[in-house]
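One structure below.
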Amino acid sequence: MNQNFSLPSGVAVYCASSSDIDTRYLDVARRMGVLLAESGLSLVCGGGAGGMMAAAIEGAVDAGGEAIGVLPHFMMEKKWNHPRLTRCIDTESMHHRKMTMASMARAAVALPGGIGTLDELAEMMTWNQLGLFNGPVIIVNTDGYYDLLVSLFESMQSKGFMRGGNIPATVVASPEEAMEIINSVH
């Protein structure tokens, strides 16, 4: 039986929802949204109305693209969703949010963020190791933001704690480099 499988048209982007950050990070998120839209790919994100998440959404929408927000119901009730989302998905929990985002994505990108971003990145790296997520996992290390984390990953790797000996993510410096990897996925 010959079946044609197509990759999802979205890219999961994890990043800060905090607005109390340097504008250079907001610019990186906006640029990521624009580049996804220009590539014809949907931005799949947490859908928040603040910080880098909002910048990515606005970048994608302003460039004519689609911004899909995935929010657990309690966040929807608090009206934390960005008003310019082209599509908003209400999930029952944070766990379902992450599963939904992963199912819609051909790649996962971590921009700078806090503990929530770190949680999402770690889960996608784990799912990648286990074969539950087959797309690339990409860390955009803006101005060395993730240097300490990358050092920790390298320490885990050198001490034998990384399954297969490989760090299940690719570290790049910019959204443009992330897009090169994403666009190479067939």
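The residues of the chain are indexed from 1 along the displayed sequence.
- Applying the salt bridge (Lys or Arg N to Asp or Glu O under 4.0 Å) test to E66 and every residue at least two apart in sequence or in another chain returns nothing.
- Side chain of N128 to main chain of G135: a donor-acceptor pair is present (N/O by atom type, distance under 3.5 Å, no hydrogens or angles).
- Here R24 pairs with D22, D143 under the salt bridge (Lys or Arg N to Asp or Glu O under 4.0 Å) rule; sequence neighbours left out.
- Under the salt bridge (Lys or Arg N to Asp or Glu O under 4.0 Å) criterion, E176 pairs with R31, sequence neighbours left out.
- Among residues at least two apart or in separate chains, there is no ring-ring contact (aromatic ring centres under 6.0 Å, His included) pair with a member in residues 34-91.
- Under the side-chain hydrogen bond (donor to acceptor under 3.5 Å, both in side chains) criterion, N141 pairs with D147, not counting sequence neighbours.
- Judged by distance alone, the side chain of S93 and the main-chain N or O of H96 form a donor-acceptor pair under 3.5 Å.
- Listed by chain and number, the residues in a ring-ring contact (aromatic ring centres under 6.0 Å, His included) with F153 amount to none (sequence neighbours excluded).
- Counting only heavy atoms from C-beta outward, the side chains of L121 and L149 approach each other to under 4.5 Å.
- In L148, the CG atom is not crowded: 12 or fewer heavy atoms of neighbouring residues, nucleotides or ligands sit closer than 6.0 Å.
- For S9, there are no side-chain hydrogen bond (donor to acceptor under 3.5 Å, both in side chains) partners two or more places apart in sequence or in a different chain.
- Counting only heavy atoms from C-beta outward, the side chains of L41 and N183 approach each other to under 4.5 Å.
- Counting heavy atoms from C-beta outward, L71 and C88 have side chains that approach closer than 4.5 Å.
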Side-chain donor-acceptor contacts of residues 49-56 below 3.5 Å, not counting sequence neighbours, with atom names and distances?
none

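- Contact annotation: the side chain of V70 approaches that of T91 to within less than 4.5 Å [non-hydrogen atoms, C-beta and beyond].
- Put simply, CE on M75 and NZ on K78 are 8.0 Å apart, with the number rounded to the nearest 0.5 Å.
- Summarising the geometry of G59 relative to V34, their closest heavy-atom pair is O-CG2, 3.4 Å, with the distance given to 0.1 Å.
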I'd like to know whether S42 forms a side-chain contact (heavy atoms from CB on, under 4.5 Å) with V11, so could you lay out the CA-CA distance, the side-chain angles of the two residues, the decisive distance to 0.1 Å, and finally the verdict. CA-CA 6 Å; S42 300; V11 173; over 6 Å; no
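- V185 and M179 fall into different hydrophobic clusters, defined by Ile, Leu, Val, Met, Phe, Trp and Tyr side-chain heavy atoms under 4.5 Å apart, directly or through other members.
- In this structure, the side chains of I181 and T170 come closer than 4.5 Å at one or more pairs of heavy atoms.
- Side chain of S103 to backbone of T100: a donor-acceptor contact under 3.5 angstrom is found.
- Each ring-ring contact (aromatic ring centres under 6.0 Å, His included) pair with one or both residues in residues 104-138, not counting sequence neighbours, would appear here, but there are none.
- Residue V61 comes nearest to A67 through the heavy atom pair CG2-CB, 3.8 Å, listed as atom of the first residue, atom of the second, then distance.
- The existence of a salt bridge linking R84 and D62 is confirmed by a sub-4.0 Å separation between a basic side-chain nitrogen and an acidic carboxylate oxygen.
- Within the structure, ring-ring contact (aromatic ring centres under 6.0 Å, His included) contacts touching residues 31-51 (residues at least two apart or in different chains) do not occur.
- Here A178 pairs with M32, I138, V140, V172 under the side chain to side chain contact (heavy atoms under 4.5 Å, CB included) rule; sequence neighbours left out.
- Side-chain contact between I167 and M156 is absent, with no heavy atoms from C-beta onward closer than 4.5 Å.
- Looking at every heavy atom in both residues, T117 comes nearest to G113 through OG1-CA, 3.4 Å.
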Start with the C-alpha distance between Y25 and L111, add both sets of side-chain angles, then the distance that settles side-chain contact (heavy atoms from CB on, under 4.5 Å), and finish with yes or no. CA-CA 8 Å; Y25 298 117; L111 301 176; over 6 Å; no
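- Side-chain contact between E123 and M99 is absent, with no heavy-atom pair separated by less than 4.5 Å.
- Scanning all heavy atoms of the two residues, the minimum distance from A110 to Y146 falls at O-CE1, 4.0 Å.
- To the nearest 0.5 Å, the span separating CD on Q157 from CG on N166 amounts to 6.5 Å.
- In this structure, the side chain of T23 does not engage the main chain of L26 through any donor-acceptor pair within 3.5 Å.
- The minimum heavy-atom distance linking D90 with P72 is given by the pair OD1-C, 4.1 Å.
- Listed here is the closest heavy atom pair of T86 and I68: OG1-N, 4.4 Å.
- V109 places a side-chain heavy atom less than 4.5 Å from the side chain of I182.
- Residues forming a salt bridge (Lys or Arg N to Asp or Glu O under 4.0 Å) with R97 (at least two apart in sequence, or on another chain): none.
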